[in-house]
> 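Got a structure for you, questions after.
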Amino acid sequence: EVDFTAVNEMRGALAQFGLKATFLPFVIKAVCLALKQPAFRYLNASVDDAAGEIVVKHRYHIGVAAATGASLLVPVVKDADRLSMRQLIDEVKRLGEGARDGNLAAEDLSGSTFTMTSLGKLGGMFATPIINYPEAAILGLHKVEKRPVVVDDQVVIRERMYMSCSFDHRLIDGHVGAAFVQAVRGYLE
């Protein structure tokens with residue numbers, strides 16, 4: 001469970017400069033920061049079954065699953081770790097609009113090294129996202145909602161979101177997977 005208070009404050013600050021952002025660019029940035037940690041390198045990897053080897057990726061192409069009227073697409077934010085927040089906001093918007101309008105090029109839908117899927121509009125608390133083969137992991141994002149929580153022994157209302165992950169256990173054990181989710185959470189909070 002992630003407290004989105006800081007993210008929403010940042011979104012509000014950016015809006016004052018004409019930048020309207022969803023929470024996805026912030027999650028992408030947090031995911032990239034976590035994936036760059038040596039302990040989590042296998043989350044940005046795949047298994048080459050034919051060669052019998054692990055292929056660790058050194059670029060961060062983040063797929064963002066998008067439901068359209070016709071199907072589920074996974075547009076890819078290429079080199080997401082190298083993009084500024086403004087560039088991430090613009091690219092997420094471009095890819096989202098392209099997915100809805102059916103105007104994405106083939107290169108916009110290929111090459112992901114790690115995928116996120118958002119069930120935000122559907123709500124829910126937990127899910128088991130399905131790994132986008134041949135990747136090693138996927139992060140499931142749920143609806144950001146106001147919830148009562150205890151902060152400094154006081155019950156307050158905070159914007160919170162649940163996250164869930166699935167991992168290829170040939171590469172990632174449960175402890176590493178849980179630590180990755182906590183790292184993403186830490187960057188977002």
Side-chain angles (χ1 to χ4, degrees), residues 1-15 17 19-45 56-66 74-96 111-121 124-129 131-132 135-147 149 151 158-168 171-172 174-189:
E1 188 174 3
V2 180
D3 188 324
F4 262 73
T5 302
V7 169
N8 282 331
E9 287 172 0
M10 180 64 74
R11 288 176 62 213
L14 291 173
F17 297 98
L19 287 172
K20 185 177 179 182
T22 66
F23 67 84
L24 286 174
F26 296 92
V27 179
I28 291 169
K29 185 63 83 175
V31 163
C32 287
L33 289 168
L35 288 174
K36 285 187 160 196
Q37 293 181 29
F40 306 130
R41 68 187 180 280
Y42 290 133
L43 280 88
N44 198 52
V56 177
K57 313 296 172 136
H58 299 287
R59 296 180 76 181
Y60 301 87
H61 301 322
I62 307 300
V64 181
V74 183
V76 181
V77 179
K78 302 283 173 67
D79 294 311
D81 63 312
R82 298 179 186 173
L83 300 180
S84 69
M85 188 54 72
R86 180 182 202 103
Q87 291 169 318
L88 271 174
I89 291 167
D90 291 344
E91 186 65 357
V92 167
K93 182 179 178 185
R94 181 187 77 79
L95 291 170
S112 61
T113 61
F114 182 93
T115 295
M116 301 178 348
T117 183
S118 176
L119 300 170
K121 290 184 179 182
M125 294 176 67
F126 299 102
T128 304
I131 297 170
N132 187 18
E135 296 168 19
I138 186 168
L139 179 67
L141 310 172
H142 302 277
K143 188 174 186 175
V144 177
E145 296 182 294
K146 290 183 179 182
R147 296 190 183 102
V149 295
V151 177
R158 291 288 176 97
E159 302 250 10
R160 310 282 280 194
M161 180 188 71
Y162 293 112
M163 292 189 306
S164 53
C165 280
S166 296
F167 309 98
D168 183 337
L171 300 175
I172 302 145
H175 175 75
V176 172
F180 170 77
V181 174
Q182 290 304 313
V184 172
R185 175 185 177 204
Y187 287 121
L188 289 168
E189 290 184 352

> Can you spot which of Ser118, Cys165, Pro129 makes a side-chain contact (heavy atoms from CB on, under 4.5 Å) with Leu139?
Cys165

> Please indicate whether Lys78 has more than 12 foreign heavy atoms, meaning atoms of other residues, nucleotides or ligands, lying under 6.0 Å from its NZ.
yes

> Would you list the pairs meeting salt bridge (Lys or Arg N to Asp or Glu O under 4.0 Å) in which at least one residue belongs to residues 175-189, sequence neighbours left out?
Arg185-Glu189

> Are Val176 and Leu171 side-chain neighbours, meaning at least one heavy-atom pair lies under 4.5 Å?
no

> Could I get the full list of salt bridge (charged side-chain N to carboxylate O under 4.0 Å, His left out) partners for Arg82, not counting sequence neighbours?
none

> So which atom in Ala137 and which in Phe167 form the shortest heavy-atom distance, rounded to 0.1 Å?
CB-CD2, 3.7 Å

> For residues Ala6 and Leu188, report the shortest heavy-atom separation together with the two atoms involved.
CB-O, 4.1 Å

> Run the side chain to side chain donor-acceptor pair (under 3.5 Å) test against Arg94 and tell me which residues pass, sequence neighbours left out.
Glu91, Asp108

> State which residues pass side chain to side chain contact (heavy atoms under 4.5 Å, CB included) with Lys20; sequence neighbours excluded, sorted by chain then number.
none

> Hey, could you give me the CG/CG distance between Asp3 and Asn8, rounded to the nearest 0.5 Å?
9.0 Å

> Once rounded to the nearest 0.5 Å, what's the spacing between atom CE of Met161 and atom CD of Glu1?
10.0 Å

> Rounded at 0.5 Å granularity, tell me how far CZ in Phe40 sits from CD1 in Ile172.
10.5 Å

> Is the closest side-chain heavy-atom distance between Ile89 and Met85 below 4.5 Å?
yes

> Under 3.5 Å, sequence neighbours excluded: what are the donor-acceptor pairs made by side chains of residues 21-32?
unit_1, atom_1, unit_2, atom_2, d
Thr22, OG1, Leu24, N, 3.3
Lys29, NZ, Leu83, O, 2.7

> Taking only residues two or more places apart in sequence, or in another chain, which ones meet Thr115 in a side chain to side chain contact (heavy atoms under 4.5 Å, CB included)?
Val74, Ser112, Asn132, Glu135, Ile138

> Quick one: ring pair (Phe, Tyr, Trp, His ring centres under 6.0 Å) partners of Phe114, sequence neighbours excluded?
Phe180

> Measuring only between side-chain heavy atoms, which start at C-beta, is Val144 closer than 4.5 Å to Val7?
no

> If we only count heavy atoms from C-beta on, is the Ser164 to Tyr162 side-chain gap below 4.5 Å?
no

> Can you name the residues that form a side chain to side chain donor-acceptor pair (under 3.5 Å) with Thr128, not counting sequence neighbours?
none

> Looking only at atom types and distance, does a side-chain atom of Arg147 sit under 3.5 Å from a main-chain N or O of Arg160, one as donor and one as acceptor?
yes

> May I have all residue pairs that pass salt bridge (Lys or Arg N to Asp or Glu O under 4.0 Å) and include part of residues 31-41, sequence neighbours excluded?
Lys36-Asp81

> Could you pull out all residues at least two apart from Arg11 that satisfy salt bridge (charged side-chain N to carboxylate O under 4.0 Å, His left out)?
none

> Nearest 0.5 Å, what's the CZ-NZ distance between Arg158 and Lys146?
12.0 Å

> Rounded at 0.5 Å granularity, tell me how far CG in Leu43 sits from CG in Leu35.
6.5 Å

> Tell me, please, which residues at least two apart from Ser166 pass side chain to side chain donor-acceptor pair (under 3.5 Å).
none

> Suppose we screen for side chain to side chain donor-acceptor pair (under 3.5 Å). Which residues come up paired with Asp79, at least two apart in sequence or across chains?
Arg59

